Structure formats: structure tokens, C-alpha cells
Amino acid sequence: MDPLKHKFKEKAAALFAEMKNLLKQHGNLKVDEVTLDQVYGGARGIKMMIWETSALDAMEGIRFRGYSIPELSEKLPTINNSKEPVPEGLFWLMMTDEIPTAEDITWLSEDWKRRANVPSQTFKVLDALPKDTHPMIQFSIAINAMQSDSVFAQRYSEGMSKSEYWDATYEDAMNLIARLPRVAAYIYRRSFKNNSHIVPDNALDWAANYAHMLGYDDEDFLNLMRLYTTIHADHEGGNASAHTAYLVNSTLSDPYLSYAGAMNSLSGPLHGLANQEVIKWIFEMVDELGITNPSKDQIAEYVKKTLSEGKVVPGYGHAVLRRPDPRFIAQKVFAERYIQQDDIVEIVWKVFDVVPPILESLGKVKNPWPNVDAHSGALLVHYGMKEYDYYTVLFGVSRALGVMAALCWTRALGIPLERPKSVTTTWIKQWLAKQSVIS
Ligand code: CMX
């Protein structure tokens with residue numbers, strides 16, 4: 001058994017026993033109350049699922065196994081002279097709740113290389129699609145196409161015992177993560193670079209190799225990809241893409257089918273697609289104003305126009321966060337460190353000054369601050385990746401780390417089929433009448 005799987009097995013067995021004991025002793029205690037606002041309001045804040053790999057605090061932002069992003073930068077070991085944390089380290093941490101050694105992540109990086117062989121039909125399926133198919137649709141289809149290789153589906157059909165579900169999920173999770181950069185880079189090169197594909201460089205770590213296969217070998221871009229794929233990896237379980245994967249996987253659909261579902265969810269403009277919408281919105285603003293360095297007043301006017309047209313300001317607001325997203329801040333710090341001067345980056349920083357007071361003045365927006373998507377596109381444009389239709393695929397490659405680690409935990413804990421209760425408005429009115437609230 002490989003060292004990560006071995007460690008995971010021990011940790012998972014211990015948590016399983018603890019969970020059983022907690023449920024036996026306290027299973028009928030209430031952890032939450034649900035208001036009518038929450039029932040009609042997208043189930044905001046209702047505690048109803050287990051997600052071991054990260055937790056989101058409204059004020060502090062994301063913590064992965066208790067560590068903030070700056071703490072991860074300090075504590076996670078690096079490889080290949082990386083100046084940024086590498087996602088191999090974060091994945092190990094999410095799986096084991098332990099900071100890995102440099103040796104651990106070197107092993108993991110090599111293991112993903114061994115698993116990276118993409119089933120050939122995946123490329124044939126992609127090649128059959130019109131070239132202008134949105135990259136996220138191609139990505140979702142490609143993940144479904146790889147499903148024929150699912151260890152979970154194969155072993156289930158052979159009568160696998162429940163106690164082995166975590167093991168088969170682990171194999172699929174590791175294979176899927178290993179293969180995504182190749183598939184995602186293939187989509188980029190076929191959509192935007194005339195089908196001129198780039199072979200992997202096995203001397204590189206996972207994120208750097210992805211950057212290389214995309215066609216960007218600048219050392220700073222490799223570091224950007226390491227940071228990008230680390231900070232986008234997980235955002236607790238309730239966000240739409242993670243929750244979709246959790247729901248689909250709860251039916252014992254295998255990790256490929258679950259992750260394709262997650263990617264369809266990430267493709268929405270209120271979620272992952274917002275990263276393309278931000279840059280599109282900035283490009284349109286610059287085009288309309290006819291200048292590359294608009295003033296804060298000009299940006300404010302453009303923001304007001306966007307709102308008056310009944311649209312949202314992309315990259316701002318969040319369902320949980322109530323402060324600037326630390327993932328936005330991490331990217332700002334990256335830009336300050338690596339980029340001397342860049343018009344689009346400067347626009348992003350001016351927008352950061354201008355938008356919050358305007359959104360606050362609407363009196364209804366709960367969080368006027370930037371989220372992760374407000375900054376990422378400007379960094380990509382700086383290094384030459386201007387094809388913003390592709391940006392959500394980068395997010396999707398990264399998000400696999402958190403979701404796949406979490407699915408290993410979910411299957412190890414034997415979490416059952418998810419099936420919340422829905423009600424009708426008629427039921428609500430009858431219920432209110434019983435509370436003597438309405439007659
Ligand atoms: N611009 C304009 N209006 C906004 C807004 C924004 N950025 N953010 C919230 N609002 C509006 C909502 O549309 C809602 O208006 P109505 O009552 O008229 O429908 C009102 O403010 C209250 O919304 P909220 O409770 O503050 O926010 P929600 O939890 O409902 O929604 C989110 C959160 C992210 C969907 C929303 O802030 C938004 O649409 N932001 C822009 C899109 C975006 O950046 N999404 C990426 C989020 C991060 C990610 O998942 O990747």
C-alpha cells in the first residue's frame with residue numbers, strides 16, 4: 001500500500017470510530033435551527049454536511065485543516081525551487097491532517113506522474129466537438145469520457161464490499177487529479193493554439209507541468225500556477241461545485257461522474273465562471289472608455305452603469321464571506337511581489353477601492369468585498385493568457401484537489417445518500433397557520 005493511502009487508512013479508521021461514538025452518544029442533539037428565510041434563500045448557513053478538508057469563516061476566510069493561506073505559505077514544504085506553496089503539499093495535508101515533509105510531496109508528485117496517462121478515447125471525444133465549444137463544456141465532457149477507467153465503477157460491478165469504497169475512491173481520486181492537467185491543457189491548445197499540443201515535462205511538479213503544457217514556461221508563471229492551484233483547491237463543502245460532487249457521489253456514482261457534475265456547477269456565472277466574467281467586464285470597460293488606465297471616477301461610473309442595467313459586479317460579493325477574500329489578498333500580494341507595472345492589475349486594485357462603497361450604498365448586498373475571482377484574470381492576462389473563456393478550467397483543475405480529498409473522507413466515513421426534505425408553499429402556509437402566525 002502506498003504511503004499516503006496507508007496514512008489515510010489509519011486516520012480514517014480512527015475518525016470513523018470517533019464518529020460512531022459521537023453519534024451513539026449525541027446523535028439526537030440539535031446543531032442548528034432553520035428559518036423560513038433559509039428555506040427560500042438557498043439554504044444559506046444551514047449546517048447539514050460533513051467536509052473534513054477545510055472550513056470557511058465569514059470574517060477570516062478559508063482555513064485548510066486549520067491553516068490560513070499565509071500559514072500554508074510558511075509551513076508547506078516546496079519542491080523544484082518553487083517560491084510558492086505547491087498543491088501536492090496541500091493535498092497531503094487535506095488527506096492526512098498533517099503537514100507533509102519534502103519527501104512526502106516528492107513522492108506524491110512522482111506518483112501523480114505515474115498515474116497521468118489519459119485514456120486515449122478522451123482526446124478522440126474532445127476532437128469530435130466543435131472547436132468553439134466552451135472550454136468548461138469540453139472539460140466536463142472529457143471528465144465523463146475518462147469514466148470508463150473508473151476503478152470504483154469497475155470494482156462495484158464486481159461486487160466490492162462497502163468497506164472498500166474508500167479504497168476505490170482513493171484510486172480514482174489520485175488518477176483523476178493526475179490526469180486533469182493534461183486534459184485541461186489539451187483543451188486550451190485545441191481551442192486557442194491551433195491544436196499544437198505540448199508534451200508533459202516529467203521533471204516538473206504537477207502545477208508547473210500544467211503551466212508548461214499550456215505553453216507558459218516563464219518561472220514566475222510556474223509559481224503563479226502553484227499558488228493558483230493551491231488557493232482555489234477547496235472552500236469547505238457547501239459551495240455549489242463541491243456540494244454537487246458530494247451529492248452525486250453520495251449515490252455511489254464514481255468520482256469521475258461526481259467531478260463532471262461539479263464542473264457543470266462551477267460553470268455558472270455566480271460561481272466559477274465569475275473569473276472569466278471579471279476580465280470580460282474589465283475589457284469591455286476599457287473598450288467603452290477608450291483608455292487603458294481609467295480613473296477611479298470613471299470606474300465608479302461604469303460600475304453604476306453595470307448595476308443600472310440589472311447586472312451584478314462580477315468578482316464581488318459572497319454567500320458566506322463578509323470581508324475581502326484572503327484568496328484575493330494572496331493574489332494581490334503575488335502581483336506586488338512579481339509584477340512591476342500592469343494596467344489591468346492596476347484597474348483591479350482601483351476597482352477594489354471603488355466597488356465596496358457603491359455596493360454598500362445599495363443597502364442589500366451582504367458582502368461588498370472582492371472574492372477570489374476579482375483578481376485571478378488580471379494575473380493571467382499579465383503573463384499573456386488572454387483567452388478568458390478558459391479561466392474557469394484552471395479553477396476546475398485546482399478544485400479537484402479539495403473535492404477529491406473530501407470524497408475519500410466521505411466514503412471512508414460511510415456517509416449515506418444525501419436526501420434533504422423539500423416542502424411546498426402550501427405546506428409552509430399550513431405550517432404557519434399551525435404556529436398561529438397567519439390565519
Ligand atoms: N453586484 C451586484 N449585486 C450584488 C452583488 C454584486 N457583486 N452581490 C450581491 N448582490 C445582490 C444580489 O444579487 C441580491 O440582489 P436581489 O436581492 O435583488 O436578488 C442582493 O445583493 C443580496 O445578495 P447577497 O445575499 O449579498 O448575496 P448572495 O449570497 O445571494 O449571492 C453571490 C452571492 C456570490 C452569488 C453574489 O454576491 C454575486 O452575484 N456576486 C457576483 C458574482 C461572483 O463574483 N460570483 C463568484 C463568487 C465566488 C465563487 O463562487 O467563485
Side-chain angles (χ1 to χ4, degrees), residues 35-46 51 54 56 58-59 61-62 69 136 228-229 231-246 262-282 284-285 299-331 348 351-380 388 391-403:
T35 65
L36 197 49
D37 272 341
Q38 289 171 302
V39 172
Y40 277 101
R44 290 289 182 288
I46 301 172
W51 195 266
S54 68
L56 183 58
M59 307 308 278
I62 193 66
I69 290 170
M136 275 306 278
Y228 185 107
T229 51
I231 64 177
H232 284 78
D234 205 29
H235 219 222
E236 74 170 30
N239 69 81
S241 51
H243 189 194
T244 303
Y246 179 97
M263 292 304 91
N264 293 341
S265 180
L266 194 72
S267 301
L270 296 188
H271 189 19
L273 205 80
N275 63 3
Q276 81 165 45
E277 295 298 296
V278 167
I279 263 327
K280 186 168 169 242
W281 180 80
I282 290 178
E284 282 168 2
M285 169 169 65
I299 294 173
E301 282 314 305
Y302 195 77
V303 170
K304 286 176 193 157
K305 179 173 167 270
T306 301
L307 292 170
S308 73
E309 289 165 353
K311 301 182 209 160
V312 295
V313 179
Y316 280 74
H318 201 272
V320 179
L321 287 169
R322 296 296 175 256
R323 295 286 301 147
D325 190 333
R327 301 170 300 171
F328 172 88
I329 302 296
Q331 294 177 88
V348 165
V351 171
F352 181 29
D353 288 337
V354 164
V355 166
I358 298 177
L359 288 183
E360 248 167 358
S361 74
L362 299 179
K364 63 174 185 179
V365 180
K366 295 193 191 68
N367 176 43
W369 299 107
N371 58 56
V372 66
D373 301 316
H375 210 312
S376 50
L379 298 176
L380 298 167
Y388 52 71
Y391 291 174
T392 313
V393 177
L394 293 161
F395 193 157
V397 170
S398 165
R399 187 46 65 92
L401 299 164
V403 167

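What you see is a predicted model, and the numbers here were worked out from it, not measured in a lab. Numbering of ligands and ligand atoms starts at 1, following listing order.
The pair Lys305-Glu309 counts as a salt bridge, with a side-chain nitrogen and a carboxylate oxygen less than 4.0 angstrom apart.
Applying the ring-ring contact (aromatic ring centres under 6.0 Å, His included) criterion to Tyr228, with sequence neighbours excluded, gives His232. For Lys366, there are no salt bridge (Lys or Arg N to Asp or Glu O under 4.0 Å) partners at least two apart in sequence or on another chain. Contacts of His271 classified as ring-ring contact (aromatic ring centres under 6.0 Å, His included), with partners at least two apart in sequence or in another chain: none.
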Identify all N/O pairs between ligand 1 and the protein with a separation under 3.5 Å and present them as a table of atom names and distances.
| unit_1 | atom_1 | unit_2 | atom_2 | d |
| --- | --- | --- | --- | --- |
| ligand 1 | 1 (N) | Val313 | N | 2.9 |
| ligand 1 | 7 (N) | Val313 | O | 2.9 |
| ligand 1 | 7 (N) | Tyr316 | O | 2.8 |
| ligand 1 | 15 (O) | Lys364 | NZ | 3.4 |
| ligand 1 | 18 (O) | Lys364 | NZ | 2.8 |
| ligand 1 | 25 (O) | Lys366 | NZ | 2.7 |
| ligand 1 | 26 (O) | Lys366 | N | 2.8 |
| ligand 1 | 29 (O) | Arg44 | NE | 3.1 |
| ligand 1 | 29 (O) | Arg44 | NH2 | 3.1 |
| ligand 1 | 30 (O) | Arg44 | NH2 | 3.2 |
| ligand 1 | 40 (N) | Tyr316 | O | 2.8 |
| ligand 1 | 44 (O) | Gly315 | N | 2.8 |
| ligand 1 | 44 (O) | Asn371 | ND2 | 3.0 |
| ligand 1 | 45 (N) | Leu270 | O | 2.9 |
| ligand 1 | 50 (O) | His271 | ND1 | 2.7 |
| ligand 1 | 51 (O) | His271 | O | 3.4 |
| ligand 1 | 51 (O) | Asp373 | OD2 | 2.7 |

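Taking both residues in full, the closest heavy atoms of Gly317 and Asn371 are given as O-ND2, 2.9 Å, listed atom of the first, atom of the second, then distance.
Using the six-membered ring where Trp is involved, Phe328 and His375 have ring planes that are tilted, between 30° and 60° apart.
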